[in-house]
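A short write-up of the structure that comes next.
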There are 2 protein chains.
Amino acid sequence: MSKSTIKNINTHAVELNAYFGVAISVDCVIFGFDKRELKVLLIRCDLPKYKGKWSLLGDLVGPEEDLDKAAYRVLKARTGLRNVYLQQVHTFGAPRRHPAGRVVSTAYYSLVNISNCKLTTQANELHWHPVKDIRTLAFDHKKIFDTCFEHLQEDIVRSPVVFKLLPQKFSLRQLQHVHEAILGVALDRRNFRKKIMSMELLEDLNEMENDVPHRPGRLYRLKPKAVAALS
Amino acid sequence: MSKSTIKNINTHAVELNAYFGVAISVDCVIFGFDKRELKVLLIRCDLPKYKGKWSLLGDLVGPEEDLDKAAYRVLKARTGLRNVYLQQVHTFGAPRRHPAGRVVSTAYYSLVNISNCKLTTQANELHWHPVKDIRTLAFDHKKIFDTCFEHLQEDIVRSPVVFKLLPQKFSLRQLQHVHEAILGVALDRRNFRKKIMSMELLEDLNEMENDVPHRPGRLYRLKPKAVAALS
DNA sequence: TCAAAAGTGTTTAATATACACCCATGC
DNA sequence: GCATGGGTGTATATTAAACACTTTTGA
């Protein structure tokens with residue numbers, strides 16, 4: 001390479017055709033929360049190499065499609081949800097990560113309220129799995145999953161993303177259980193309440209839980225301006 | 001779309017050819033530090049649409065090349081440096097972000113010691129720019145730059161990445177100046193020293209600065225195990 | 001009346017901030 | 001001797017952590 005003649009996509013007109021043997025995809029780590037447990041939505045893989053293994057939800061990005069749009073499309077197609085929380089995390093591009101050819105994949109994580117989801121595939125092909133039970137996944141999806149989960153754990157301590165896992169009305173107990181499930185630790189109830197309240201994100205609805213087999217707790221919702229700051 | 005027949009890159013054998021009209025690239029935001037100032041390495045763009053504008057250093061990713069490897073290759077080609085600190089930040093994939101066609105680009109930031117760099121292009125085409133003077137860049141590079149700079153600002157408070165901007169031997173003053181330049185704030189000298197020392201990352205070399213027009217400060221280096229934790 | 005969780009404050013420890021003087025060197 | 005930055009400690013404020021009892025409801 002001579003000193004001043006590196007031809008380059010950013011500096012010179014370059015013919016792209018030689019580089020077109022690459023496809024791009026998105027993979028979504030979709031988290032949900034149910035029965036005190038953090039779960040992730042997985043689909044059964046049908047490729048010979050990974051027959052029967054579970055994989056993340058993803059798809060190829062269309063020729064004219066934005067990455068974020070593609071991730072939204074996947075989520076909409078699989079859960080029926082719009083206006084979900086999506087966060088780009090990392091891009092995985094090892095040359096042989098996918099058996100079909102060179103596929104560079106951008107990973108997103110998403111937080112959804114499980115009970116709002118209308119899954120669009122038969123139950124045995126698309127399924128919520130407890131996060132703590134995830135051992136192996138198809139492709140490099142275990143690595144993608146781990147990376148996204150670590151990011152989620154870091155994000156919840158400084159941002160109110162976690163509310164997206166709960167229904168609009170929730171009790172402080174539910175909110176604490178979500179934090180405990182994600183961080184994998186037990187939290188002191190009094191200190192947790194103090195901290196959450198000091199953030200001034202919650203609006204007291206002056207309503208109580210019902211259908212709980214114990215003393216009902218107050219219900220709260222995220223303040224509208226905090227909701228707006230999320231998307 | 002019928003309920004259970006979404007054909008998908010993760011679940012079925014899919015023909016990729018229709019998706020191959022995409023190229024992938026890496027773009028590197030290379031930070032350096034000189035004369036109390038944070039700088040970024042930019043190259044002059046020669047494409048008609050952005051003639052004369054400055055752009056980040058980047059290149060197309062080869063058909064068999066890993067993303068991280070491609071970023072290292074770009075850095076090596078432009079600065080002559082190996083073993084630099086590289087951090088993947090975000091992937092930008094808007095359909096018309098590059099005039100040559102669909103190019104999805106993964107952004108990295110890198111921290112280098114300016115005085116170790118042997119720039120491989122004529123001085124007027126490849127140049128260190130003060131970060132505070134960056135207004136516009138070619139393509140969507142201003143957005144990429146801003147994203148990487150914000151990540152750097154967040155990263156330095158919890159990780160010793162910043163040492164990569166300094167020579168192996170440095171004084172606490174130099175280290176403080178780097179922090180101040182990145183964060184854009186003035187820091188209290190006594191509190192800064194206390195905080196750095198409490199991290200137990202530094203090894204006192206029992207040497208003094210020379211060539212400074214004032215009382216020389218002690219020289220330190222990053223402890224070897226902290227260096228290892230960086231890469 | 002029992003089980004389960006709601007609700008509620010104080011004390012202590014750790015961390016972060018604010019702030020001022022004398023010292024060593026080069027010019 | 002003057003300009004520049006080196007080197008140092010303490011007091012205060014803020015934040016985080018530990019910890020226990022009474023109350024309410026459903027079964």
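Both backbone and side-chain heavy atoms feed into the values below; hydrogens, waters and symmetry mates do not. A, B, ... follow the sequence lines: proteins, then strands. Residue 1 opens every chain.
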Whole Å only: how far is the CG atom of A:Leu172 from the P atom of C:dA4?
-> 21 Å
Start with the C-alpha gap between A:Arg221 and A:Glu203, add the side-chain angles, then the distance that decides, and say whether salt bridge (charged side-chain N to carboxylate O under 4.0 Å, His left out) holds.
-> CA-CA 5 Å; A:Arg221 67 169 185 179; A:Glu203 185 178 321; 3.2 Å; yes
Specify the separation, in whole Å, of atom CG of B:Asp204 and atom C1' of D:dG7.
-> 13 Å
For residues 159-170 of chain B, run the donor-acceptor check on the side chains, cut-off 3.5 Å, and write out each pair with its distance to 0.1 Å, sequence neighbours left out.
from     : atom 1 : to       : atom 2 : distance (Å)
B:Ser159 : OG     : B:Val161 : N      : 3.4
B:Lys169 : NZ     : B:Glu207 : OE1    : 3.0
B:Lys169 : NZ     : B:Glu207 : OE2    : 3.1

Counting only pairs under 3.5 Å, give me each side-chain donor-acceptor contact of residues 35-42 of chain A, with atom names and distances, residues two or more places apart or in other chains.
from    : atom 1 : to       : atom 2 : distance (Å)
A:Arg36 : NH2    : A:His177 : NE2    : 3.1
A:Glu37 : OE2    : A:Lys132 : NZ     : 3.1

Sorted by number, residues from residues 182-201 of chain A placing a heavy atom under 4.0 Å from DNA chain D are A:Asp188, A:Arg190, A:Asn191, A:Lys194
Passing option when A:Tyr220 is tested against A:Leu202, A:Leu205, A:Ile196, A:Asn206 for side chain to side chain contact (heavy atoms under 4.5 Å, CB included) | A:Leu202
Between B:Thr79 and B:Leu119, is there a donor-acceptor pair closer than 3.5 Å when you use the side chain of the first and the backbone of the second?
-> no
Scan side-chain atoms only and decide if A:Asn10 and B:Ser55 contain a donor-acceptor pair under the 3.5 Å cut-off.
-> no
Tell me which residues in residues 205-215 of chain A put a heavy atom below 4.0 Å from DNA chain C, sorted by number, or none.
-> A:His214, A:Arg215
In whole angstrom, give the distance that lies between atom CG of A:Leu175 and atom C1' of C:dA5.
-> 16 Å
List the atom pairs, with distances to 0.1 Å, where a side-chain N or O of residues 178-194 of chain B and a protein N or O form a donor-acceptor pair under 3.5 Å, not counting sequence neighbours.
from     : atom 1 : to       : atom 2 : distance (Å)
B:His179 : ND1    : B:Leu175 : O      : 3.1
B:Glu180 : OE2    : B:Gln176 : NE2    : 3.1
B:Glu180 : OE2    : B:Leu187 : N      : 2.9
B:Asp188 : OD2    : B:Arg190 : N      : 3.1
B:Asp188 : OD2    : B:Asn191 : N      : 2.9
B:Asp188 : OD2    : B:Asn191 : ND2    : 3.4
B:Asn191 : OD1    : B:Lys194 : NZ     : 3.2

Could you tell me the separation between the CG atom of A:Leu219 and the C1' atom of C:dG7, rounded to a whole number of Å?
-> 15 Å
Give the table of side-chain donor-acceptor pairs shorter than 3.5 Å for residues 66-75 of chain B, with sequence neighbours excluded, one pair per line with atom names and distance.
from    : atom 1 : to       : atom 2 : distance (Å)
B:Asp66 : OD2    : B:Asp68  : N      : 3.2
B:Asp68 : OD1    : B:Tyr108 : OH     : 2.5
B:Arg73 : NE     : B:Glu65  : OE2    : 2.7
B:Arg73 : NH1    : B:Asp59  : OD2    : 3.0
B:Arg73 : NH2    : B:Leu60  : O      : 2.9
B:Arg73 : NH2    : B:Glu65  : OE1    : 3.0

Gap between atoms CZ and C1', on B:Phe170 and D:dG6 respectively (whole Å) | 16 Å
